[in-house]
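Quick notes on the structure that follows.
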Amino acid sequence: MKIKGIEPVLPSSDIERDIKWFNEHTGFKYSFGDNMYSGISRDGVCIHLQRHANNVEDPLLGGSVIKIFVEDIKPWFEEFVERKTIQPEKLRMNTPWGTHEFGFYDLNKNAIFIVQDA
């Protein structure tokens, strides 16, 4: 047995809006789906977006956290500063848990971290 991969599913209140935001701010581009469930991808990594109505029967919740591990954080950091996704002071080098990383929130309050093992 072998795990082939894992793809996070983030809650979204507006799939079209979020696809545009991810494209502009992270470089993830539309891969498949519709206005209820879609996928965005970059470099062979896919993130799924699932629409929630944000009401009692179908709460948005938010607060999901994903970490995207990369080989070299420097070019990612520079790109995300240029895209204005993050501010330059967001890069954390040599964390106590052995990583270099930066993070940000999407429009639904989901936390996304770009991480390099130190």
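A quick note: this is a predicted structure, and the numbers were derived from the prediction, not measured. For this chain, numbers begin at 1 and follow the sequence in order.
Residues Phe32 and Ser41 form no side-chain contact, since every pair of their non-hydrogen atoms from C-beta on lies 4.5 Å or further apart. Side-chain contact between Ile19 and Ser38 is present, with heavy atoms from C-beta onward closer than 4.5 Å. Residues Ile47 and Ile66 form a side-chain contact, since some pair of their non-hydrogen atoms from C-beta on lies under 4.5 Å apart.
The aromatic rings of Phe28 and Phe22 sit perpendicular to each other, their planes meeting at more than 60°, with 30° as the lower class boundary.
Listed by chain and number, the hydrophobic cluster partners of Val115 are Val65, Phe69, Phe113, where partners are ILVMFWY side chains within reach of under 4.5 Å, directly or through others.
Applying the salt bridge (Lys or Arg N to Asp or Glu O under 4.0 Å) definition to pairs two or more places apart or across chains, those involving residues 75-97 are Arg42-Glu79, Glu79-Arg83. For residues 47-60, there are no salt bridge (Lys or Arg N to Asp or Glu O under 4.0 Å) pairs, not counting sequence neighbours.
Although no hydrogens or angles enter the test, the distance criterion places a donor-acceptor pair under 3.5 Å between the side chain of Gln116 and the main chain of Ile73. Side-chain atoms of Thr99 do not come within 3.5 Å of backbone N or O of Thr95 as any donor-acceptor pair. Judged by distance alone, with hydrogens and angles left aside, the side-chain atoms of Asn23 form no donor-acceptor pair with the main-chain N or O of Gly27 at under 3.5 Å.
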Could you pull out every donor-acceptor pair under 3.5 Å between side chains of residues 1-17 and any protein atom, sequence neighbours left out?
| from | atom 1 | to | atom 2 | distance (Å) |
| --- | --- | --- | --- | --- |
| Glu7 | OE1 | His48 | NE2 | 2.5 |
| Ser12 | OG | Asp14 | N | 3.1 |
| Ser12 | OG | Asp14 | O | 3.4 |
| Ser12 | OG | Ile15 | N | 3.4 |
| Ser12 | OG | Asp18 | OD2 | 2.4 |
| Ser13 | OG | Arg17 | NH2 | 3.2 |
| Ser13 | OG | Asn108 | OD1 | 3.2 |
| Asp14 | OD1 | Glu16 | N | 3.4 |
| Asp14 | OD1 | Arg17 | N | 3.0 |
| Arg17 | NH2 | Asn108 | OD1 | 3.2 |

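With sequence neighbours excluded, the residues satisfying ring pair (Phe, Tyr, Trp, His ring centres under 6.0 Å) with Trp21 are His25. Here Tyr30 pairs with nothing under the ring pair (Phe, Tyr, Trp, His ring centres under 6.0 Å) rule; sequence neighbours left out.
Of all non-hydrogen atoms in Gln87 and Phe77, the two that sit nearest each other are O-CE1, 4.3 Å.
In Tyr105, the OH atom is not crowded: 12 or fewer heavy atoms of neighbouring residues, nucleotides or ligands sit closer than 6.0 Å.
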